[in-house]
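Before any comments, here is the structure.
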Protein chains: 2
Amino acid sequence: MASDHTRSAILAAAERLYADRGFGDVTLRDIVAEAGVNLAAVNYHFGSKDELIAELFVTRSIATNRERLRELKAAEEQGGGRAPIEVILRALVGPTLRGCLGPENQRSTAARFMIRASIESVPPIRRIKNREIDHLRKFAGAMRRSLPNRSDVDIYWGLNFALAMAHHTIRESERLTKLSEGKCDLDDVEDVVARVVSVATMALTAGRVEAKAPSKVAAR
Amino acid sequence: MASDHTRSAILAAAERLYADRGFGDVTLRDIVAEAGVNLAAVNYHFGSKDELIAELFVTRSIATNRERLRELKAAEEQGGGRAPIEVILRALVGPTLRGCLGPENQRSTAARFMIRASIESVPPIRRIKNREIDHLRKFAGAMRRSLPNRSDVDIYWGLNFALAMAHHTIRESERLTKLSEGKCDLDDVEDVVARVVSVATMALTAGRVEAKAPSKVAAR
DNA sequence: GATAGTTTCATACAACTGTTTGAATTGCAA
DNA sequence: TTGCAATTCAAACAGTTGTATGAAACTATC
């Protein structure tokens, strides 16, 4: 083990470069140059390039998921096993949004890395995301307990839409800023969280709005 | 020009292979082998690999966007310049969802290609997506006319959330099926459209649901 | 049917990539 | 200090990739 200096230098350099330039444009040679270590050190310490990327992503994922579960558990304990749906949703999307958004100039390397991972989604990262299902099931369970009258199908759709709004907002934050000409303030993370939670809550609690049949409109 | 046989054979083979195996795993040599043409034909007819991918994506995008605008225009004309917000949202997300979802066994190559493009998002495709803003602005305009009392910020957030739900559902359709153990029926496209439109409509019309402050819950 | 322009082809190119190797160096324990 | 394992290093490896080349085959026009 020793000092692990090389190992952490590689992790730091890789995270920074991937965050700045994306996975497609950064080679192992770029990383070791930035870290000031030898090329072979990557394979010595991590086994392969993919395992290096996986370790970067797993580290951040675990932190986010831990925070999610902490908030969820606290909410359910306080409510005697049933938490209000807004609080559950806040526990679901809050940590992710807080970890990725915020004032751009002071956005951490980790945050920018996670945004990049959300945009590019290379194989090692996709593999990890696929293991996230058990984690999501815990939220589905909490939502079911919170809304016992709601069907499973509606619960899953609500969960899906909540994640959709959070992740899409992160991934397309730049485009939303441009589209809205800066009117949508993505630096105000708590406002974003509140908007996502609010809409997801409505999706899960409101009666279905009957959408007008498009027959006449769509007709030629 | 001649028969264009080689050109279209390349396009068809590329679309099929990319749809099945993803952009990362398919080389030009795979494509020309599948198409039964010479390797140099790709650069002769398309200039480069990226331009080939771009052409594939642009073709499908244009078709979707045309359909979107057709539905939007029809709706606004029928309503004398103002269309109901549900109909606008349906014009926004309907064509995309219909183009990508539907019974898996009979899903077209084009549909599977677009799903792949949504998941992997390779540089030439990202470049094209970035040019989509003007197109989205037309929908923002229609939404503003439909909901004149709503602030611009709310309009943009509603637009953002509508796209979020549609695109995320496409991209993560497999995961949603697995998570819900098949309970969420993604083959019933019109039901998916109705759900997305319904939630987006609520997001745009309902008063803001005041989410509970998380202070106590989140506290250590 | 000769010719000019287009298209196809086999092949080579040139560069880059992640990974491996084996020797050199370092750090620690006996 | 000696010995042993962990670490670092320069160098090469092996394979793949997109692209370029120049000759050959084809097509249509006059």
Side-chain angles (χ1 to χ4, degrees), chain A residues 1-58 113 116-117 120-128, chain B residues 1-58 113 116-117 120-128:
Chain A
M1 299 230 172
S3 73
D4 262 357
H5 168 272
T6 302
R7 212 186 126 87
S8 22
I10 292 173
L11 284 170
E15 188 170 55
R16 190 162 359 124
L17 288 179
Y18 284 143
D20 287 343
R21 302 204 255 129
F23 296 100
D25 277 354
V26 176
T27 71
L28 288 187
R29 283 169 177 80
D30 293 333
I31 293 171
V32 298
E34 176 88 357
V37 304
N38 187 271
L39 175 60
V42 172
N43 288 276
Y44 178 79
H45 285 281
F46 299 94
S48 71
K49 181 199 183 188
D50 277 11
E51 288 174 87
L52 165 62
I53 295 177
E55 174 152 342
L56 282 170
F57 186 73
V58 153
F113 173 83
R116 194 61 83 162
E120 293 196 21
S121 181
V122 287
I125 289 179
R126 240 172 299 158
R127 254 172 263 139
I128 294 164
Chain B
M1 297 225 180
S3 73
D4 260 357
H5 169 271
T6 302
R7 212 185 125 87
S8 22
I10 291 173
L11 284 170
E15 188 170 55
R16 189 159 1 120
L17 289 179
Y18 284 142
D20 287 344
R21 302 205 256 126
F23 295 101
D25 276 355
V26 175
T27 71
L28 289 187
R29 283 168 176 83
D30 294 332
I31 294 172
V32 297
E34 177 88 358
V37 304
N38 187 271
L39 175 60
V42 173
N43 287 277
Y44 178 79
H45 286 282
F46 299 93
S48 70
K49 180 198 182 188
D50 277 11
E51 289 174 86
L52 165 61
I53 294 176
E55 174 151 344
L56 282 170
F57 187 73
V58 152
F113 174 83
R116 196 59 85 163
E120 292 196 22
S121 181
V122 73
I125 290 180
R126 243 172 297 158
R127 254 172 263 140
I128 294 163

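Per chain, numbering begins at 1; letters A, B, ... match sequence-line order.
- Counting distance only, with no hydrogens placed and no angle test, the side-chain atoms of B/Asn43 and the base atoms of D/dA20 include no donor-acceptor pair under 3.5 Å.
- For the pair B/Asp30 CG and D/dG18 C1', the interatomic distance rounds to 13 Å; values are reported in whole Å.
- Contacts of B/Ala41 with the nucleic acid, taken as non-hydrogen atoms under 4.0 Å apart, are absent.
- Spacing between atom CG of A/Leu39 and atom P of C/dT21 amounts to 14 Å, rounded to whole angstrom units.
- In this structure, CD1 of A/Ile10 is placed 10 Å from P of D/dC9, rounded to the nearest angstrom.
- Checking A/Ala40 against A/Arg29, the closest nucleotide of DNA chain C that is more toward the 5' end is the one next to A/Arg29.
- Which of D/dA20, D/dG18, D/dC9 sits closest to the side chain of A/Asn38 comes down to D/dC9.
- Ring pair B/Phe23/B/Phe113 is perpendicular by interplanar angle, where above 60° counts as perpendicular and below 30° as parallel.
- Remark on DNA chain C: of its neighbouring residues A/Tyr44 and A/Asp25, the 5'-side contact belongs to A/Asp25, judged by nearest-heavy-atom nucleotide.
- The shortest side-chain heavy-atom distance between A/Lys49 and A/Val42 does not fall under the 4.5 Å cut-off.
- Note: CD1 (B/Ile31) to P (D/dT17) measures 11 Å, nearest angstrom.
- B/Asp30 places a side-chain N or O within 3.5 Å of a backbone atom of B/Thr27 that can act as its donor or acceptor partner.
- The side chain of A/Thr6 places an N or O atom within less than 4.0 Å of a non-bridging phosphate oxygen (OP1 or OP2) of D/dT8.
- Rounding to whole angstrom units, CD1 of residue A/Ile53 and C1' of C/dT19 are separated by 15 Å.
- Put simply, B/His45 has a side-chain N or O that comes within less than 4.0 Å of OP1 or OP2 on C/dT8.
- Rounded to an integer number of Å, the gap from A/Phe46 CZ to D/dT7 P is 12 Å.
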query = Passes side-chain contact (heavy atoms from CB on, under 4.5 Å), B/Glu55 versus B/Arg7? Steps please.
reply = CA-CA 11 Å; B/Glu55 174 151 344; B/Arg7 212 185 125 87; 2.3 Å; yes

